[in-house]
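Following: one structure in structure tokens, then a few remarks.
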Amino acid sequence: MKVSLFLTCLADVVYPASVGKSTVEILERFGCEVDFPKKQTCCGQPAFNSGYHRETKDVAKHMINVFKDAEYVVSPSGSCTTMLHEYPHLFEDDPEWKQKAEELKNKSFELTQFLVDVLNVKDVNAKLNAKATYHTSCHMTRLLGVTEAPMTLLKNVEGLQFTELPHKEQCCGFGGTFSVKMVPISEQMVNEKVQHIEDTDSEVLIGADLGCLMNIGGRINRQGKPIKVMHIAEVLNSR
Amino acid sequence: MAIKTGDENFFTRVDKGINNEFMRKAVATAQGRIDGRRRDSISSLGDWEEWRNHAEEIRQHTLENLDFYLEQLAENVEKRGGKIFFAETAEEANEYIKNVVSSKNAKKIIKSKSMVTEEISMNQALESIGCDVVESDLGEWILQLDDHDPPSHIVVPALHKNREQIRETFEDKRGYKKTSNPEEMALFAREQLRKDFLEAEVGITGCNFAVAESGSISLVTNEGNARMATTIPKTQITVMGMERIVPTWEELDVLVSMLARSAVGQKLTSYVTGLTGPKDEGDVDGPEEFHLVVVDNGRSKILGTQFQSALQCIRCAACINVCPVYRHIGGHSYGSIYPGPIGAVLNPLLGDYDEWKELPYASTLCSACTDVCPVKIPLHNLLIEHRRMMVEQEGKAPFAEKLAMKGYAFAASSPSIYNMGTKTAPSVMGPYSNNGFITNGPGPVKLWTDIRDLPELSKGKDKFRTWFENRDKGGN
């Protein structure tokens, strides 16, 4: 099975190789042939959520072209995958591009969703000795509708002592540009999230979206708390 | 009260909200309690998603045929001996209401809870002609006594006050001498209000839904005050937003079942009242005269636009009860009688973007609101749509943001620029790094690092692209 990796700009620009590398290695372990179209950039969400839809269309067209020959597009992000799924709405008045956007939407999956729903994998044979909890990101659960897949996979990670995060449905306060436009509100939201994480007595916070993890992790770091932040791909690739 | 509750700057209000510890505790507790009950109560209905689809259909159908149903309503109200008045503006509504009240020489008015009368500042209009207008919903009465403190929630208006604050208000304004025990205070309020009920010459109510087929209005309350306000006074005036209508009693049944669950987590409120016109011959109670005032006040300009679904709202406040932003800043921070996600959508529509420019951005777009809405208003999408309108139609976006977004889109649709940017960014940010993190960044990064650290941008051999490329060449 051929899979094209959509790395996302955060995993590309901000974070070191680990998240992308783990994603590639897990997929390969389950028989996928992974390629990385080098011309990929960002899903366009910063512009879309800020109301710059003309600009978003340019980005979307570029991404549609980048992945036009892909069989499957898999991404280590629920939010960015949701954005790819949003593309058809951008081209309501443009049947040709709408069609292309639909094609991309139909073959795009978030990593855990792809593993569980497409590859039918429930156990990735990972091992991680740690007390951990999991942050369910809003776009991935509510908009993309992926709730069970990450839990199914995490449940089978050997050595992982898992505690469910209280108030897990609550947003962490990232919200893209919200995090810099509404700093005082974002601060309160992320403080409460960090508090809930602390309440689980976990050593590791796991998440499937680097946006949320950058926000929560950045706050944890600022407060000097001994909690490590890991992307779910990194956890699933731990052995 | 009008829609706007004050002139303070948005961030000043937010700051006050965040620093109001009591309010925040009250809101967090109330959100947990009400939303918990909501979840329990919807489970008894079976497939909630099916109910939501049905409710959405009802509301969409009604809005698409609003002229027809309003006409039908008017006919039936008149057939039953009532009078109906269509007010295009708040002023027109208030003029009509003042005229009715003046024609009765009425001085004492008893009111049940109504957001639309808040919206049009009806109380002030009536007070200006010398009337004493008394709120009979307990929460609204507390706020009225407390020098017209604005409501902070559309269903639980005094949510921001604790028992002790309420006791103090009762003591200061009405000489209450007992404790802050809720039962004692409720009994006191009841005694005080009973006198007003008996004296009132005119009763004014809101309207949860008007029923077009019979010319009726419906009211849901837990205190029974709406029944008192519609049985004792000789004249009844009901004020409704023009979209608050259902075709028949069958749709009313569906929407009331969902409203009670979504608003307070009850299968039904204690009182569900249906009223049709003035009292008939032989009826023992009810008003001698019935007036229905249908208020437009900016609603019809929303019809037919991409924001039409906002008019599907049945004012249950479920979106407010799950909103993480409301949770931390409270209702007063929105500066409107309509707070929370629905407020952030509605206020710029009823008013304008100059007045309400911050509200569409006061959301992380987490979409908890959209998920919980019983009539499926895509609230978070409407917030994005407001942002788009401000950027694309109104040219109201800050210049720096426009420049940044244009630059971003240019880079993100051109791989060579994107790659050049991602290669140079780490060295630009380099001087700000400290142990792998940026703690005090430049420009817009500063806003991020005001409260949290940013990972140092990956570079060279650490980057995924480098790893993947080396791998292609046989490395690892």
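Numbered from 1 within each chain, the chains take letters A, B, ... in sequence-line order.
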Top of B/Ser367, B/Ser416, B/Pro324 for chain A proximity - count of heavy-atom pairs under 4.5 angstrom: B/Ser367

Top contributor to chain A contacts, counting heavy-atom pairs under 4.5 Å, from B/Lys461, B/Met429, B/Lys402, B/Lys423: B/Lys402

Chain B interface, residue from A/Lys57, A/Lys39, A/His89, A/Met182 that has the most non-hydrogen pairs under 4.5 Å: A/Met182

B/Gln31 versus B/Asp35, side-chain donor and acceptor atoms under 3.5 Å: no

A/Glu192 side chain to B/His328 side chain, donor-acceptor N/O pair below 3.5 angstrom: yes

Atom CZ of A/Arg54 with >12 non-hydrogen neighbours under 6.0 angstrom: no

A/Ile185 versus chain B, the contacting section by heavy-atom distance below 4.5 Å: both

B/Lys16 atom NZ, over 12 foreign heavy atoms within 6.0 Å: no

Portion of B/Ala425 that has a non-hydrogen atom of chain A nearer than 4.5 angstrom: neither

Chain B contacts, top residue of A/Met214, A/Glu55, A/Lys181, A/Gln188 (heavy-atom pairs, under 4.5 Å): A/Gln188

Residue pair B/Arg37, B/Asp40: steps toward the salt bridge (charged side-chain N to carboxylate O under 4.0 Å, His left out) verdict: CA-CA 5 Å; B/Arg37 280 198 218 139; B/Asp40 291 345; over 6 Å; no

Ring centers of B/Phe464, B/Phe468 separated by less than 6.0 Å: yes

Heavy-atom pairs under 4.5 Å with chain B, option from A/Asn215, A/Thr141, A/Thr177, A/Val190 with the top count: A/Asn215

Heavy-atom pair count under 4.5 Å with chain B, highest-scoring of A/Cys43, A/Gly44, A/Gly217, A/Ala11: A/Gly44

Which portion of A/Glu169 sits near chain B, non-hydrogen atoms under 4.5 angstrom: side chain

Crowding at CG, B/Asn19 (>12 non-hydrogen neighbours, <6.0 Å): yes

Part of B/Lys446 lying under 4.5 Å from any heavy atom of chain A: neither

Plane angle bin for B/Phe307 and B/His386 - parallel if under 30°, tilted between 30 and 60°, otherwise perpendicular: parallel

Portion of B/Tyr361 that has a non-hydrogen atom of chain A nearer than 4.5 angstrom: both

Greater than 12 external heavy atoms within 6.0 Å of B/Tyr353's OH: yes

Which of B/Asp450, B/Val325, B/Leu454 touches chain A most, by non-hydrogen pairs under 4.5 Å: B/Val325

Chain A contact via B/Phe10 - side chain, backbone, both or neither, heavy atoms under 4.5 Å: side chain

Max heavy-atom pair count under 4.5 Å with chain B, selected residue of A/Val59, A/Thr56, A/Val34, A/Val14: A/Val14

Part of A/Ile220 lying under 4.5 Å from any heavy atom of chain B: neither

Contact leader toward chain A among B/Ala362, B/Cys366, B/Ala28, B/Ala409, where contacts are heavy-atom pairs under 4.5 Å: B/Cys366

Leading residue by heavy atom contact count with chain B [cutoff under 4.5 Å; candidates A/Gly175, A/Ser18, A/Pro46]: A/Pro46

Region of B/Ile329 in contact with chain A, defined by heavy-atom distances below 4.5 Å: side chain

Heavy-atom proximity to chain B below 4.5 Å, by part of A/His139: side chain

Segment of A/Val24 engaging chain B (4.5 angstrom heavy-atom cut-off): side chain

Closest-packed option against chain A by number of heavy-atom pairs under 4.5 Å, given B/Leu365, B/Thr422, B/Ile438: B/Leu365

Spatial distance of atom OG (A/Ser4) from atom CZ (A/Phe36) [nearest 0.5 Å]: 10.5 Å

Max heavy-atom pair count under 4.5 Å with chain A, selected residue of B/Leu383, B/Asp15, B/Leu447, B/Thr449: B/Leu447

From A/Lys2 atom NZ to A/Asp35 atom CG, the distance as rounded to the nearest 0.5 Å: 8.0 Å

Atom CD of B/Gln393: over 12 foreign heavy atoms under 6.0 Å: yes

Mutual orientation of the aromatic rings belonging to A/Phe48 and A/His53 [parallel < 30°, tilted 30-60°, perpendicular > 60°]: parallel

Region of A/Glu187 in contact with chain B, defined by heavy-atom distances below 4.5 Å: both

Engaged part of B/Glu456 at the chain A interface, taking heavy atoms whose separation is under 4.5 Å: backbone

Side chain / backbone / both / neither for B/Ile18 at chain A, heavy atoms under 4.5 Å: side chain

Which portion of B/Ser363 sits near chain A, non-hydrogen atoms under 4.5 angstrom: backbone

Reference residue A/Ser186; test side chain to side chain contact (heavy atoms under 4.5 Å, CB included); the match among A/Cys171, A/Cys172, A/Ser179: A/Ser179

Over 12 non-hydrogen atoms of neighbours within 6.0 angstrom of CG in B/Asp47: yes

